[in-house]
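Naming: A, B, ... by sequence-line order, numbering from 1 per chain.
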Protein chains: 2
Amino acid sequence: MISKRPTMMDVATRVGVSRQLVGLAFRNEAGVSSSTRERIFEAASELGYSPDIAARSLRRRSSNYIGVLFNPAHSSADDIVEALYAAAHERGYNLILGALTATRDERDAITELLGFRTESVILISPETPVNELRKLAKRLPVVSIGRPLPQGVCGAVRSDGQRGIAAAVDHLVELGHRDIAYVLTRSLPEFAARHQGYVTAMDRHGLPSRVREIDGDFTEESGASAAESLLAEPVMPTAVVCSNDHAAMGLINRLLRAGLRVPEDVSVTGYDDSRIARLSFVDLTSVRQDPEEMSTAAVEAAVQMMSDEESAPRERMIVPTLVIRGSTGQPRSEAQLHPR
Amino acid sequence: MISKRPTMMDVATRVGVSRQLVGLAFRNEAGVSSSTRERIFEAASELGYSPDIAARSLRRRSSNYIGVLFNPAHSSADDIVEALYAAAHERGYNLILGALTATRDERDAITELLGFRTESVILISPETPVNELRKLAKRLPVVSIGRPLPQGVCGAVRSDGQRGIAAAVDHLVELGHRDIAYVLTRSLPEFAARHQGYVTAMDRHGLPSRVREIDGDFTEESGASAAESLLAEPVMPTAVVCSNDHAAMGLINRLLRAGLRVPEDVSVTGYDDSRIARLSFVDLTSVRQDPEEMSTAAVEAAVQMMSDEESAPRERMIVPTLVIRGSTGQPRSEAQLHPR
DNA sequence: ACGAAAACCTAGCACGTGCTAGTCTTTAGG
DNA sequence: CCTAAAGACTAGCACGTGCTAGGTTTTCGT
C-alpha cells in the first residue's frame, strides 16, 4: 500500500477509460461528459489519488510555484508568510516554503527552492551577499523583502525606516518630549535608515543637541543594558525610541525594575509591531510595517517579472505607520505642569 | 534566460561528456575521475544548474521528503518546525512545509503535500476528523504531534498534559500553596488531560475541596476575565494554574492592574513555555513540552513507519518539565509568617 | 608483453503527466 | 437518408533525471 501511490492510469483502468481522459477531467478541460467526469472523481477519491505535482510541472515546463525563503525564528516572518499565501493565491500561484534553520543556511534553502523549479523566489530579509543575489537574479525573478539593496539588483519591497522612526519622534515631540534618546541596532543594514530617520527628525524639530544614541541589537538584554546606561546619566531622557520591539521590551523591563513608570516617567516606542508589542501586557507603541501590503507588493513584483522577462526589477517602498499604544504619554515635566 | 533553466544535458555538452556522467557526479557516485568531477561542478556553477528535484523523485519513485503541516500562527509551531528540520536531516530526509493559513485549510494543505509525493506526513496539532486521519494513514505513514487520538489511528507524539499540570500543582504545593485555582481551555481536546491532571493532583495533595475551575481559552482576554471572576470572590486563591501561556499573561496583567503583585500576592503558572513566557518582561513559570524531543520522536516514528510498512503506528508520550521562573513564589500567608 | 581487473564513460528505457493530433460516435440540418 | 459538425475519447511523444547493462581505456601484477 505504501510502496505504490496510485497514478492516473490506475484511476483510468478502474473507470474503464483512457489515462488522457482522466487528465482532462483533473485539468477541468472540456471534452469529458459530466457523467464520466463524476465517475472519474469518485474513483480517484476511492483510490486516494491526487495528481503528481512533480510530473505535472516537469511536463508543463512550469511549476506555477513561487519559492519563499523565511526564517521562522524571526518574529515578523509568520505574518508575512501568511499574507504571501493569500496574495499569491489571488494571482494563481502557489507557494513553496524554504525555512532557514540552524542546520540550513540561506544558500542551502535557496538551492532547494531552485531544485523545485520555482518560477521566482521571494526572500524575506535575506543576508546573502549582494553579488550572489545579483547572480541569482539573472536566473530567475528575485524579490527581496525588507533589505535595503543597491538599485536594480533584484525586485525589492521594503518599508521606509526613516519615515517610520520619524513618525515615532514626531509623536513624542507632539506629546511634548524634547529629550528623546535612540537605541540603535548595528548588526543589520536595514537599520541604517531608521537611524538616519532619528537624526533628521531631531534636527527638523530643532533638537540636534538633544540627540542621544545608545548601542543595541535584537535582544532584550541589549535593551536592558541600554536602560542601564540611561539610568547612569545625570539627566534621564523623557522618551526612548527603540529600533526594534525586543530591545524596547528589555528596556522597559529594566526601567520598571528601577522603579520608574512607563509612560509616566519615561515614554518608549518600539519598531515592527510584532505580536509581542500587541500583548496587553506589553502594550507597546510601535512602528508597523504592514505585512499584507508588503506581501502583496512582493507578489505583484514577482508576477510582473515572471510574465515580462525583460521588465526591470521592481522596487517598492512601503510607508510604515505608527501604532499608538500605552507605552507613550506626556513627558514628566509637562505632566507636572498639567497634572491629569 | 528565464524561459529555460539549464539541465544536466547543458552541463554535459559544456564539459564535453555524456549526461549520465554528470548525473553520476551529482549523485556523488564512483566512476567519475576527480578532474572530470571538478570540471562538471565548475560548469554547473557557471550555468547556474541545480538538479531538478521533481524529475529526480519522479524517476527514483521516492522523494526522500517528509511533509509537515504546521500553523505559523500557533506560537509553538516554529520551534517544532525548526527541530524537525534537524531531526529529519540527521536521518537523511528533507522536509516540505505545508502552512495553514486563512485561505488554506488542513485538507488543502495535506492534499498539496500528497501531490509532492512526500513519503510520510507529520501533522502538528491537526484538527482533521479522526476518520479522515484514519483514511489518510492507510495511504502513507502519518504522525500527529500534540493531539490526543484513539489508539492505532496513526503515529502519535504528544506530551503528558496530566503530568505537566501535576508538576505545576506539585511545585505550588511545595511552596506552601493550598488554594490553587485552574484556568481551563475548553475548545481543544488536548486540554482534557491537563484538566484531569489538575483534579487528580489536587486530590493527591488532599485538597479536593480547594478545587476551583474557571473557563478560559487561548486568548489573553480569557485570562483577563478569569482574573475578574477571581477578584470578585470573597477569598482570592494564592495561586492560579493556567492551561496555556496566553491566558496566564492576560490573567497576570489584570491582577497587576488591580494592584496585586505577582508572585508576592498571587503565583501564576502557564503552559507551553512559549517564547512569550521566556521574555524577561513576563518571566512566567511554565510547563515545557520539549520541541526537540517531540520532533525527534515524530521523525523517528515516521522513519520507522516508512522503512517497515507493516509496523504498527508508533505512539509516544513525552514527559513535560516545569520551568520555574519568577511568576511563582511562596503564598502570601506563608510570606507573612516568614518574611524574607 | 600479456591478461585481468579497475577506472571511466555511455546507450536506452522508465517514471507520471501534459499536449498535439488525431479517431470514433452521436447529433443536427437539409 | 446523407453530410457535416460537435462531442467524447485515445495514441504517442516529450519533460529531466536515475538506473541497468554494457563499452572502452588505463593500470597493475607477473
If you check the V17(A) side chain, which of dT17(D), dT10(C), dT10(D) turns out closest?
->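 Comparing dT17(D), dT10(C), dT10(D) against the side chain of V17(A), the answer is dT10(D).
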Can you check the [X] [atom1] to [N] [atom2] distance for me, whole Å?
X: I40(A); N: dA8(D); atom1: CD1; atom2: P; answer: 12 Å
X: F116(A); N: dG16(D); atom1: CZ; atom2: P; answer: 17 Å
X: R61(A); N: dC13(D); atom1: CZ; atom2: P; answer: 19 Å
X: L21(A); N: dT10(D); atom1: CG; atom2: C1'; answer: 9 Å
X: L24(A); N: dG7(D); atom1: CG; atom2: C1'; answer: 12 Å
X: L58(A); N: dC15(D); atom1: CG; atom2: C1'; answer: 4 Å
X: M8(B); N: dC9(C); atom1: CE; atom2: C1'; answer: 15 Å
X: F26(A); N: dC9(D); atom1: CZ; atom2: P; answer: 16 Å

Should the heavy atoms of other residues, nucleotides or ligands under 6.0 Å from CD of E132(B) be counted, would the total exceed 12?
->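 Enclosed.
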Is the number of heavy atoms from other residues, nucleotides or ligands within 6.0 Å of CD (E127(A)) greater than 12?
->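 Not buried by this count: 12 neighbours or fewer within 6.0 Å.
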Phosphate OP1/OP2 of [N]: any [X] side-chain N/O under 4.0 Å:
X: S33(A); N: dC9(D); answer: yes
X: R5(B); N: dG16(D); answer: no
X: T36(A); N: dC9(D); answer: yes
X: T7(A); N: dG16(C); answer: no

Checking all strands, does S57(A) fall into the base, sugar-phosphate, or nothing category for heavy-atom contacts under 4.0 angstrom?
->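 No contact.
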With side chains defined as the heavy atoms from C-beta onward, is the minimum distance between L188(B) and F218(B) less than 4.5 Å?
->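 In contact.
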Assert yes or no for the condition that the ring centre distance of F116(B) to Y65(A) is strictly below 6.0 Å.
->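 Yes: the rings meet the under 6.0 Å criterion.
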Which residue, G31(B) or G23(A), contacts DNA chain C at a nucleotide closer to its 5' end, judged by nearest heavy atom?
->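 Here G31(B) is the residue nearer the 5' end.
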Hey, which sits more toward the 5' end of DNA chain C by its nearest nucleotide, R19(A) or G16(B)?
->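 Its nucleotide being nearer the 5' end, the pick is G16(B).
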When you measure from the side chain of D52(A) to the backbone N and O of R117(B), does any donor-acceptor pair fall under 3.5 Å?
->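 No, because the side chain of D52(A) does not come within donor-acceptor range (under 3.5 Å) of the backbone of R117(B).
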Go through the N and O atoms of the side chain of Q20(B) and the base of dG12(C), and report whether any donor-acceptor pair is under 3.5 Å.
->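 A donor-acceptor contact between them is present.
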